[in-house]
Amino acid sequence: MNKLKVMTVFGTRPEAIKMAPLALELTRHPEFEALCCVTAQHREMLDSVLDIFRLKPDFDLDIMEPRQTLSTITSKCLTGMDRVLEEAKPDLVLVHGDTSTTFAGALAAFYHKIPVGHVEAGLRTFDKWSPYPEEMNRKMVGAIADLHFCPTASNRDNLARENITQGVFLTGNTVIDALQTTVVRHFSFGEHILNHLDYDSRKVILVTCHRRENYGQPMANIMTALRRVADAFPDTELVYPVHPSPVVQETAHKYLDGHPRIHLIAPLAVDEMHNLMSRCHLVMTDSGGLQEEAPALGKPVLVLRRETERPEAVAAGTVRLAGVEEVSIFQMTSRLLSDQREYDSMAHAANPYGDGQACRRIADAIAWQFGLRMNPPEEFRGQ
């Protein structure tokens with residue numbers, strides 16, 4: 001029997017964290033020939049994830065350049081994928097989420113008349129400018145894709161509102177699968193200071209902030225609020241792995257340098273980030289992935305944005321929208337740091353995003369869709 005040739009395509013660290021477990025899962029299924037293509041939209045941050053999961057790409061476009069723009073990322077990815085798809089001739093291309101790599105990879109496959117599977121499908125804010133450009137990327141991929149792997153029922157409902165009802169599967173989120181590999185009990189951090197923080201008697205707050213829609217005044221507000229939190233609560237330590245974007249670097253150092261309990265460090269490898277998350281007290285972030293990962297580890301999340309495409313977490317109580325205004329961020333953080341009942345209500349809420357079996361469900365769905373399996377895949381039922 002000829003094997004089904006399935007190619008995973010990704011280019012950023014967040015994509016890699018969620019796609020690496022799936023790429024490895026596909027290699028365990030004898031009915032598939034699993035191929036992996038990376039665009040390296042984020043070079044070093046991507047490579048660290050590949051190393052941790054021991055995943056070696058079959059194709060590497062290596063497109064990253066200094067101060068790259070959305071247009072250069074998309075065009076280089078699109079033209080690079082032409083060569084890869086001509087050479088590999090996959091039967092199915094899998095893309096993830098909502099990055100420029102995701103959109104360009106799906107578009108390239110469409111141009112070659114190759115079916116597309118969209119992992120983490122159906123997320124929506126219904127605002128084309130926020131998150132920018134992610135909201136439009138995922139909507140356009142949704143229009144292109146033939147298979148849609150939705151983490152939650154509300155993601156599936158979003159697709160149904162857009163008349164996308166065929167080839168839709170409810171799988172859970174692959175990031176929960178990733179945590180099973182990366183989080184270990186006795187972990188030694190490469191970042192020296194993380195091995196010496198007192199996670200028992202101090203309230204360590206993990207911070208990330210990098211989204212384009214937060215550039216400018218919103219990011220300045222966020223940084224001001226973070227410093228105010230550190231000043232007001234002497235038992236806190238803030239750890240902020242600062243994204244390499246020059247805009248983020250300049251803003252973070254302008255507002256947060258010099259505080260003895262705010263630690264601006266280099267971006268962390270995925271295993272370090274996950275293990276720091278498992279030990280911290282609270283997560284403050286504008287990242288999408290952390291909204292899914294932290295609740296699986298029992299950590300409350302304050303989202304440093306005006307909206308989230310992950311309303312399931314808000315409904316479940318694991319996530320709260322803090323916005324991008326200094327006063328609201330400070331007030332919501334203060335409440336969680338000073339009110340144990342408020343904290344526990346979030347920390348003990350059930351995570352709606354998965355049970356660690358999403359990759360298996362996706363592989364089973366692909367096999368069933370292409371006639372390589374008798375029974376349809378089981379659906380993720382939630383927690």
Side-chain angles (χ1 to χ4, degrees), residues 1-65 68 73-97 99-120 141 144-147 149 174-175 177-178 181-182 269-271 358-360 362-367 369-370 372:
M1 182 184 71
N2 290 333
K3 293 187 175 185
L4 187 76
K5 194 177 291 187
V6 182
M7 176 180 285
T8 52
V9 177
F10 52 93
T12 69
R13 169 194 160 111
E15 288 173 284
I17 292 169
K18 295 181 177 184
M19 285 292 265
L22 177 57
L24 294 173
E25 176 68 24
L26 293 172
T27 66
R28 302 183 188 108
H29 290 248
E31 65 268 36
F32 300 141
E33 179 184 347
L35 299 172
C36 178
C37 173
V38 297
T39 67
Q41 180 178 331
H42 295 168
R43 179 77 269 171
E44 293 181 5
M45 298 172 77
L46 170 73
D47 288 345
S48 69
V49 180
L50 296 175
D51 290 343
I52 288 161
F53 284 92
R54 299 179 182 177
L55 182 62
K56 183 174 177 56
D58 300 283
F59 301 93
D60 189 335
L61 302 186
D62 196 24
I63 68 170
M64 186 174 176
E65 61 184 43
Q68 59 192 0
I73 293 169
T74 304
S75 59
K76 291 179 72 175
C77 178
L78 191 59
T79 54
M81 286 300 301
D82 266 342
R83 173 183 57 81
V84 170
L85 296 177
E86 285 286 351
E87 178 180 340
K89 293 181 169 55
D91 301 300
L92 176 68
V93 168
L94 297 177
V95 295
H96 180 280
T99 70
S100 297
T101 284
T102 305
F103 171 56
L107 186 59
F110 170 71
Y111 285 164
H112 287 260
K113 297 186 177 180
I114 298 170
V116 172
H118 189 195
V119 180
E120 198 175 89
V141 173
I144 291 171
D146 305 273
L147 302 178
F149 304 110
T174 60
V175 75
D177 302 37
T181 298
T182 55
V270 58
D271 55 345
C359 293
R360 177 181 58 79
I362 292 170
D364 288 347
I366 293 169
Q369 190 74 19
F370 282 85
L372 304 177

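All residue numbers in this chain count up from 1 along the given sequence. These numbers come from a predicted model, not from an experiment.
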*asked:* Please evaluate residues Leu85 and Met7 with respect to the criterion side-chain contact (heavy atoms from CB on, under 4.5 Å), reporting the C-alpha separation (whole Å), side-chain torsions for both, the decisive distance (0.1 Å), and the verdict.
replied: CA-CA 9 Å; Leu85 296 177; Met7 176 180 285; 4.2 Å; yes

*Candidate pair Val9 and Val84, rule side-chain contact (heavy atoms from CB on, under 4.5 Å), full reasoning*: CA-CA 11 Å; Val9 177; Val84 170; over 6 Å; no

_side-chain contact (heavy atoms from CB on, under 4.5 Å) between Asp60 and Arg43, intermediate numbers included_ = CA-CA 10 Å; Asp60 189 335; Arg43 179 77 269 171; 2.9 Å; yes

*May I have the step-by-step check of side chain to side chain donor-acceptor pair (under 3.5 Å) for Ser100 and Gln41, ending in yes or no?*
CA-CA 8 Å; Ser100 297; Gln41 180 178 331; 4.7 Å; no

*Take Thr39 and Thr101 through the test side chain to side chain donor-acceptor pair (under 3.5 Å) and record every step on the way to the result.*
CA-CA 7 Å; Thr39 67; Thr101 284; 2.7 Å; yes

*Evaluate the side-chain contact (heavy atoms from CB on, under 4.5 Å) criterion for residues Ile366 and Phe149: first the C-alpha distance (whole Å), next the side-chain angles of each, then the deciding distance (0.1 Å), finally the verdict.*
CA-CA 10 Å; Ile366 293 169; Phe149 304 110; 3.8 Å; yes

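Between Ala106 and Val95, the closest heavy-atom pair is N-CG1, 3.9 Å. Considering every non-hydrogen atom in both Ser48 and Ala269, the closest pair reads OG-CA, 4.1 Å. The two residues Cys77 and Gly105 come nearest to each other via the heavy atoms SG-N, 4.2 Å. For the residue pair Pro21 and Ile17, the shortest heavy atom distance occurs at CD-O, 3.2 Å. Minimum interatomic distance between Ala40 and Met64 (heavy atoms only, all atoms of both residues): O-CB, 3.2 Å. Closest heavy-atom contact between Ala104 and Leu78: O-CD1, 3.6 Å.
Of the residues listed (Asp91, Asp146, Val93, Ile144), the one engaging Pro115 in a side chain to side chain contact (heavy atoms under 4.5 Å, CB included) is Asp146, and it is the only one.
With hydrogens and angles ignored, the 3.5 Å screen pairs a side-chain donor or acceptor of Asp177 with a backbone N or O of Ala358. In this structure, Asp58 contributes its side chain and Cys36 its backbone to a donor-acceptor pair below 3.5 Å. Looking at Lys5, its side chain never comes within 3.5 Å of a backbone N or O of Leu35 through a donor-acceptor pair. Formation of a donor-acceptor pair under 3.5 Å by the His118 side chain with backbone atoms of Gly97 is found in this model.
Looking at His112 and Lys89, their side chains never come closer than 4.5 Å, going by heavy atoms from C-beta outward. Contact of the Glu65 side chain with the Lys76 side chain is registered, since non-hydrogen atoms from C-beta on lie closer than 4.5 Å. Considering only heavy atoms from C-beta on, Phe10 comes within 4.5 Å of Leu50 through its side chain. Using a 4.5 Å cut-off on side-chain heavy atoms (C-beta onward), Phe370 and Leu92 make contact. For the pair His29/Asp364, a side-chain contact is recorded, criterion being any heavy-atom separation below 4.5 Å from C-beta on. A 4.5 Å side-chain heavy-atom check between Glu87 and Phe59 finds at least one atom pair inside the cut-off. Proximity of Leu94 to Leu26: side-chain heavy atoms (C-beta onward) are separated by under 4.5 Å at one or more points. You'll find the side chain of Arg83 reaches within 4.5 Å of the side chain of Leu61, heavy atoms only.
By the 6.0 Å contact criterion, CD on Glu44 is open, its count of non-hydrogen atoms from other residues, nucleotides or ligands being 12 or less.
The distance from atom CD of Glu25 to atom CZ of Phe32, rounded to the nearest 0.5 Å, is 9.0 Å. Within the model, atoms CD1 of Ile63 and CD of Gln68 stand 6.0 Å from one another, a figure rounded to the nearest 0.5 Å. Here CD of Glu15 is found 11.0 Å from OG1 of Thr174. Values are rounded to the nearest 0.5 Å. To the nearest 0.5 Å, atom NE2 of residue His96 and atom NZ of residue Lys18 are 4.5 Å apart. A distance of 12.0 Å separates CD in Glu33 from OG1 in Thr27, rounded to the nearest 0.5 Å. Rounding to the nearest 0.5 Å places CZ of Arg360 at 12.0 Å from CZ of Arg28.
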